[in-house]
Amino acid sequence: RKTPTKKGLFGGLLGGFGKSGNAFQANGGGKHVATSADILRNRQGAIKVEPKVFFANERTFLAWLHCAVLLAGASIAIMSFAETDVAGQLYGVILLPVSIAFMTYAMSQYARRSSMIRRRAPGPYEDITGPTVLGIVLMLSILAQFSIKLYNVMH
């Protein structure tokens with residue numbers, strides 16, 4: 001078994017950045033750029049997973065579910081208060097799929113991250129597109145509700 005030699009910044013973790021000063025010269029002057037696969041290949045040993053990581057994943061899951069339950073509660077409350085008003089019931093109907101999308105996203109992210117934690121996968125654990133898409137969908141649903149209300153007021 002070879003012992004890893006420390007070269008460059010962070011002991012060769014970044015593929016030789018630091019001493020050579022150029023990513024293209026990291027491997028003996030060749031035209032190679034350090035990628036995430038190189039970093040994972042150079043990593044030695046298993047990742048230590050502390051219990052607080054599991055609890056952080058559960059806290060994040062519960063926070064997303066909290067938002068989803070609030071949206072579902074608002075949807076049901078709007079539909080119940082607008083007994084005969086079709087436009088009022090439409091507000092609640094528009095909000096309910098958004099709430100279901102929040103719940104689905106929360107469950108899928110929790111399952112993915114807990115699986116990665118159990119396998120001690122190096123990551124990435126963050127998701128940038130999911131919350132962005134959910135935020136845009138929520139804004140569009142509120143805009144649709146506002147448009148329906150504005151249309152009803154004008155006519």
Side-chain angles (χ1 to χ4, degrees), residues 4 8-18 23-24 26 31-155:
L9 189 62
F10 298 115
L13 238 175
L14 298 178
F17 283 100
F24 293 105
K31 299 287 185 187
H32 177 74
V33 178
T35 63
S36 60
D38 293 334
I39 294 170
L40 294 178
R41 209 176 1 256
N42 290 338
R43 197 187 97 232
Q44 300 289 325
I47 296 174
K48 181 181 178 188
V49 178
E50 297 180 11
K52 68 181 181 179
V53 175
F54 292 103
F55 297 132
N57 190 30
E58 289 177 10
R59 268 194 318 272
T60 305
F61 172 63
L62 291 175
W64 277 103
L65 278 186
H66 180 80
C67 291
V69 168
L70 286 176
L71 288 172
S75 171
I76 291 171
I78 289 170
M79 287 192 316
S80 67
F81 283 123
E83 295 171 352
T84 58
D85 184 22
V86 176
Q89 288 184 348
L90 190 58
Y91 299 153
V93 170
I94 289 173
L95 201 55
L96 195 58
V98 176
S99 171
I100 293 170
F102 270 70
M103 288 182 199
T104 305
Y105 173 76
M107 188 62 216
S108 67
Q109 283 300 307
Y110 175 75
R112 182 181 73 87
R113 287 180 182 144
S114 63
S115 171
M116 289 175 71
I117 290 169
R118 272 187 265 112
R119 288 183 290 122
R120 296 182 178 177
Y125 285 86
E126 68 273 358
D127 180 26
I128 296 178
T129 57
T132 304
V133 169
L134 286 176
I136 290 171
V137 167
L138 181 61
M139 286 188 338
L140 289 175
S141 71
I142 292 171
L143 182 65
Q145 293 171 356
F146 177 74
S147 300
I148 291 169
K149 183 66 173 179
L150 189 63
Y151 178 79
N152 287 338
V153 169
M154 295 235 179
H155 290 92

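Bear in mind that the values here come from a model prediction, so they are computed numbers and not experimental data. We use all heavy atoms of the structure for the numbers below, so side chains are in, but hydrogens, waters and symmetry mates are not.
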Is the count of non-hydrogen atoms from other residues, nucleotides or ligands lying under 6.0 Å from Phe54 atom CZ greater than 12? yes

Just checking Ile128: does its CD1 atom have more than 12 heavy atoms from other residues, nucleotides or ligands closer to it than 6.0 angstrom? no

Quiz: residues 67-81 side-chain donor-acceptor pairs under 3.5 angstrom, not counting sequence neighbours:
unit_1: Ser75; atom_1: OG; unit_2: Gly92; atom_2: O; d: 2.5
unit_1: Ser80; atom_1: OG; unit_2: Ile76; atom_2: O; d: 3.3
unit_1: Ser80; atom_1: OG; unit_2: Ala77; atom_2: O; d: 3.0

Rounded distance [0.5 Å steps], [atom1] in [X] versus [atom2] in [Y]:
{"X": "Ile148", "Y": "Ile94", "atom1": "CD1", "atom2": "CD1", "value": "3.5 Å"}
{"X": "Ser147", "Y": "Leu140", "atom1": "OG", "atom2": "CG", "value": "10.0 Å"}
{"X": "Leu65", "Y": "Ser99", "atom1": "CG", "atom2": "OG", "value": "9.5 Å"}

Looking at Thr60, Asn57, Asp127, which one forms a side chain to side chain contact (heavy atoms under 4.5 Å, CB included) with Gln109?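 Option passing the side chain to side chain contact (heavy atoms under 4.5 Å, CB included) with Gln109: Asp127.
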
In the structure I gave you, are the side-chain heavy atoms of Ile136 and Thr132 within less than 4.5 Å of one another anywhere? yes

side-chain contact (heavy atoms from CB on, under 4.5 Å) between Leu138 and Leu95, worked out: CA-CA 8 Å; Leu138 181 61; Leu95 201 55; 4.2 Å; yes

Indicate the atoms forming the closest heavy-atom contact of [X] with [Y], along with that distance.
{"X": "Gln145", "Y": "Tyr91", "answer": "NE2-O, 2.9 Å"}
{"X": "Arg112", "Y": "Glu126", "answer": "NH2-O, 4.0 Å"}
{"X": "Gln89", "Y": "Glu83", "answer": "NE2-O, 2.9 Å"}

Only one of Phe61, Tyr105, Tyr125 passes ring pair (Phe, Tyr, Trp, His ring centres under 6.0 Å) with Tyr110, and that residue is Phe61

Residue pairs meeting salt bridge (Lys or Arg N to Asp or Glu O under 4.0 Å), one or both in residues 52-80, sequence neighbours left out, come to Glu50-Lys52

Kindly assign one of parallel, tilted or perpendicular to the pair Trp64 and Phe102, based on the angle between their ring planes and the thresholds 30° and 60°. tilted

